[in-house]
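The structure appears below as structure tokens.
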Amino acid sequence: MLNKYARAFFTRVLTPFAALLLRWGVSPDAVTLIGTAGSVAGALVFFPRGEFFWGTITITLFIFSDLVDGNMARQAGSSSRWGAFLDSTLDRVADAAIFGGLAMWYAGTGDNNLLCVAAVFCLASGQVVSYTKARAESLGLPCKVNGLVERAERLVITLVAAGVAGLHTFGVPYVEWLLPVALWVVAVGSLVTVLQRMLTVRREAFEAERAGVA
Ligand SMILES: CCCCCCCC/C=C\CCCCCCCC(=O)OC[C@H](COP(=O)(O)OP(=O)(O)OC[C@H]1O[C@@H](n2ccc(N)nc2=O)[C@H](O)[C@@H]1O)OC(=O)CCCCCCC/C=C\CCCCCCCC
Ligand SMILES: O=P([O-])([O-])O[C@@H]1[C@@H](O)[C@H](O)[C@@H](O)[C@H](O)[C@@H]1O
Ligand SMILES: [Mg+2]
Ligand SMILES: [Mg+2]
């Protein structure tokens with residue numbers, strides 16, 4: 001949904017910045033790599049210590065690189081299969097660090113086994129959501145449904161909740177429940193998305209076989 005409705009807005013806003021980076025000689029691959037490194041560092045330095053506010057701010061600053069790298073490649077006319085592979089692969093790394101960092105907090109000082117399980121479930125199911133599409137496409141099937149909770153939704157729900165919950169450290173009351181709620185929403189939403197994509201690919205596979213496509 002966000003991919004469909006918010007992408008045009010962010011493309012307009014980020015295009016001048018992407019053009020500036022190109023003028024400075026920065027490559028899209030460098031932006032992909034630096035953005036991932038910053039997101040991973042923000043997640044693994046701050047989240048396991050329960051510093052959700054600063055973790056979210058750091059990750060948010062770097063994660064927008066995922067919108068900038070493709071924008072740069074398109075402006076430069078250098079979009080490539082390698083770039084697409086690098087972008088998607090490193091997205092998985094950043095996602096693992098974000099939900100892994102939250103799981104580490106709940107497994108340690110956060111001391112909540114159930115929420116640790118929820119965070120691990122978000123990590124695993126998010127990777128499976130992405131895998132369903134990648135594997136379908138490798139088999140020549142389009143996987144035409146994106147589903148309820150794509151990556152942008154998983155990140156926005158989790159990061160908004162983590163950022164606001166982190167204000168608890170500064171004395172803001174009644175905000176810490178937001179992160180647990182977000183984790184359950186993302187967990188259930190990702191499960192629904194996996195099922196939506198699996199059913200779609202099943203139908204597409206049977207239709208392709210009936211039509212005699214190998
Ligand atoms: C009080 C609370 C306030 C809260 C405010 C919250 C506001 C929310 C703010 C922002 C919402 C942001 C939504 C963004 C949605 C955008 C949707 C979207 O586009 O999603 C997908 C993208 C990128 O996808 P992808 O990488 O596939 O696209 P590219 O454009 O890069 O194209 C890929 C192709 O490009 C080529 N290529 C790429 C790279 C390369 N090296 N070479 C290449 O050739 C190749 O052809 C590729 O195929 O974006 C995402 O998935 C990222 C989502 C970002 C999510 C932001 C999360 C931040 C949210 C909230 C933070 C709130 C902080 C609150 C703090 C609270 C304090 C009180
Ligand atoms: O499939 P998903 O994880 O919800 O969503 C993601 C897409 O929105 C994104 O464009 C792509 O670069 C990622 O690798 C990933 O596939
Ligand atoms: Mg990108
Ligand atoms: Mg990406």
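Ligands are counted one by one from 1 in listed order, and the atoms in each one are counted from 1 as well.
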*Have a look at L155, L67, I157, D87 and point out the one with the heavy atom closest to atom 22 (C) of ligand 1.*
L67
*What do we get for M72 next to ligand 1 when only non-hydrogen atoms under 4.0 Å count, side chain, backbone, both or neither?*
neither
*Might you work through the side chain to side chain donor-acceptor pair (under 3.5 Å) test for R135 and S138, ending with a clear yes or no?*
CA-CA 5 Å; R135 183 65 176 133; S138 80; 3.1 Å; yes
*Return the option from C143, S190, G126, S130 holding the heavy atom at the smallest distance from atom 3 (O) of ligand 2.*
S130
*Does S80, backbone or side chain, put an N or O under 3.5 Å from an N or O of ligand 1?*
yes
*Identify, for atom 6 (C) of ligand 2, the protein heavy atom at the shortest distance, and state residue, atom and that distance.*
R151 CB, 3.9 Å
*Record the part of D29 in heavy-atom contact with ligand 1 below 4.0 Å; permitted values are side chain, backbone, both and neither.*
both
*Heavy atom under 4.0 Å from ligand 1: found in T32's side chain, backbone, both, or neither?*
side chain
*Nearest protein heavy atom to atom 13 (C) of ligand 2, by residue and atom, and its distance?*
D91 OD2, 3.5 Å
*For atom 14 (C) of ligand 1, what's the nearest protein heavy atom and its distance?*
F10 CE1, 3.7 Å
*Do any N/O atoms on V160 end up under 3.5 angstrom from N/O atoms on ligand 1?*
no
*List the closest protein heavy-atom neighbour of atom 28 (O) of ligand 1: residue, atom name, distance to the nearest 0.1 Å.*
R7 NH2, 3.2 Å
*Could you tell me whether ligand 2 has any atom less than 4.0 Å away from a heavy atom of Q127?*
no
_Candidate with minimal heavy-atom separation from atom 54 (C) of ligand 1, of V175, I63, N3, V31_ = I63
*With heavy atoms under 4.0 Å as the rule, classify the contact between F53 and ligand 1 as side chain, backbone, both or neither.*
side chain
*Answer yes or no for E153: is there a heavy-atom contact with ligand 2 below 4.0 Å?*
no
*asked:* Please list the nearest protein heavy atom to atom 50 (C) of ligand 1 with its residue and the distance rounded to 0.1 Å.
replied: D66 OD2, 3.5 Å
*asked:* Polar contacts were defined as any N/O atom of the residue lying under 3.5 Å from an N/O atom of the ligand; does this apply to D91 and ligand 1?
replied: no
_Residue, atom name and distance, where the atom is the protein heavy atom closest to atom 42 (N) of ligand 1_ = G83 CA, 3.2 Å
*Please state which part of D87 comes within less than 4.0 Å of ligand 2, counting heavy atoms only: side chain, backbone, both or neither.*
side chain
*Just going by heavy-atom distances, which of E137, R7, R92 is nearest to atom 16 (O) of ligand 2?*
R92
*Short check: is a protein heavy atom less than 4.0 Å from atom 9 (C) of ligand 2?*
no
*F52/F46 aromatic ring centres below 6.0 Å*: no
*Quick one: which residue pairs count as a ring-ring contact (aromatic ring centres under 6.0 Å, His included) with a foot in residues 1-24, not counting sequence neighbours?*
F10-F64
*At under 4.0 Å between heavy atoms, which part of T56 makes contact with ligand 1: side chain, backbone, both or neither?*
side chain
*Could you tell me whether A84 approaches ligand 1 through its side chain, its backbone, both or neither, with non-hydrogen atoms closer than 4.0 Å?*
both
*Return the set of protein N, O or S atoms whose distance to the Mg ion (ligand 3) is under 2.8 Å, each given as residue and atom.*
D66 O, D66 OD1, D69 OD1, D87 OD2
*Using heavy-atom distances, let me know which of N71, V68, V164 sits nearest atom 2 (C) of ligand 1.*
V164
*Tell me which part of L167 gets within contact of ligand 1: side chain, backbone, both or neither, using heavy atoms under 4.0 Å.*
side chain
*Got Q75 and T15 here, is their nearest side-chain heavy-atom distance under 4.5 Å?*
yes
